[in-house]
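This report concerns only the one structure given below.
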Amino acid sequence: MKIYITPNYDVMSKAAARIIADLVNNKANAVLGLATGGTPIGTYQELIRMHEQENLDFSQIVTFNLDEYLGIGLEPEKNYHQDQSYGRFMYEELFKHINISPEKCHIPDGKTENPEKHCLEYEGSIKKAGGIDLQLLGIGGDGHLAFNEPGSSLYSRTRIVDLHARTIEDNWHSFFKNSGFVKTDMPRQALTMGVGTILESRHAVMLASGKQKAEIIARALEGPVTSQVTATALQLHPGKVTVILDKEAASELVNRQICYEIDDIDS
Ligand code: PGA
């Protein structure tokens, strides 16, 4: 695992985008695992800039998103991902701005009639695509990776999960509150890639920024591996793991001599 400490969100985002862009430039049909949430937005903005100004080409790229709320998603008759769905998030924050093929973008279908079957098929599609070359990750306030809440098996696969109260509260404040959504209608379940699925990615890139992530980052990177903090599973990742933090998120790490400090993205 390599841990990079950057001065701020902007440099963190550019560093992550650089890693993704290097892969896209070297492997035109790379398989990217993508994440939603506030954390990756800056990375997506930098990828959009690279597409517009440096011709970064996504035409053959395949993507798999980590998760989706159960009950909201694509309305096929309108060909519209509902507001607040992660499908809508990805379209607005990335896909509509770059030359990616919609049929190559995979997001768990929150409106599926048969979630168990859909989850199995999602796993099958990842395998059929050759596995995930690079999985982008955030970390939840409770240490979750994707929607693998505390207590999720570190061997878990794509499945239906119950969201914990803290996650529902975090999501309410970040994405639902100002959109006319009624709090009692918040999704309480989701479809998520499992921890085991994530650990099969060839390169996992986890980002975190802000003081509010400092304690959980220290537990995830330096604490004992436990299903109570599913991000600790990255310590078991058999491939490559890159963690990019801003200095606030890194502020409670103790073993700093193993971290790489970067001042800006060209250094
Ligand atoms: P955030 O969410 O990027 O909005 O902090 C991360 C997560 O819950 O995985």
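When a ligand or atom number is given, it counts from 1 through the structure's own listing order. None of the values given here were measured: they were computed from a predicted structure.
With respect to atom 8 (O) of ligand 1, the closest heavy atom belonging to the protein is His144 NE2, 2.8 Å. Nearest protein neighbour of atom 4 (O) of ligand 1, counting heavy atoms only, is Gly38 N, 2.9 Å. For atom 6 (C) of ligand 1, the closest non-hydrogen atom on the protein side is Ile139 O, 3.5 Å.
By the 4.0 Å N-to-carboxylate-O rule, Lys14 lies too far from Glu46 to be salt-bridged with it.
Side-chain rings of Tyr91 and His81 stay apart, their centers remaining 6.0 Å or farther from each other. In this structure, Tyr69 has its ring center under 6.0 Å from that of Phe147.
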Applying side-chain hydrogen bond (donor to acceptor under 3.5 Å, both in side chains), run through Ser251 and Lys211 and close with a yes or a no. CA-CA 7 Å; Ser251 60; Lys211 185 77 194 148; 3.2 Å; yes
List the steps and the verdict of side-chain hydrogen bond (donor to acceptor under 3.5 Å, both in side chains) for Thr112 and Asn114. CA-CA 5 Å; Thr112 177; Asn114 190 338; over 6 Å; no
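Listed by atom number, the atoms of ligand 1 under 4.0 Å from Lys213 heavy atoms are 1 (P), 5 (O). For ligand 1 and Gly37, the ligand atoms under 4.0 Å from any heavy atom of the residue are 3 (O), 4 (O). Interface of Gly140 with ligand 1, defined as ligand atoms under 4.0 Å from a residue heavy atom, comprises 7 (C), 8 (O), 9 (O).
Residue Thr39 has at least one nitrogen or oxygen atom sitting less than 3.5 Å from a nitrogen or oxygen atom of ligand 1, judged on distance alone.
Remark: side-chain polar atoms of Arg256 are paired, donor with acceptor, to backbone N or O of Ala250 under 3.5 angstrom.
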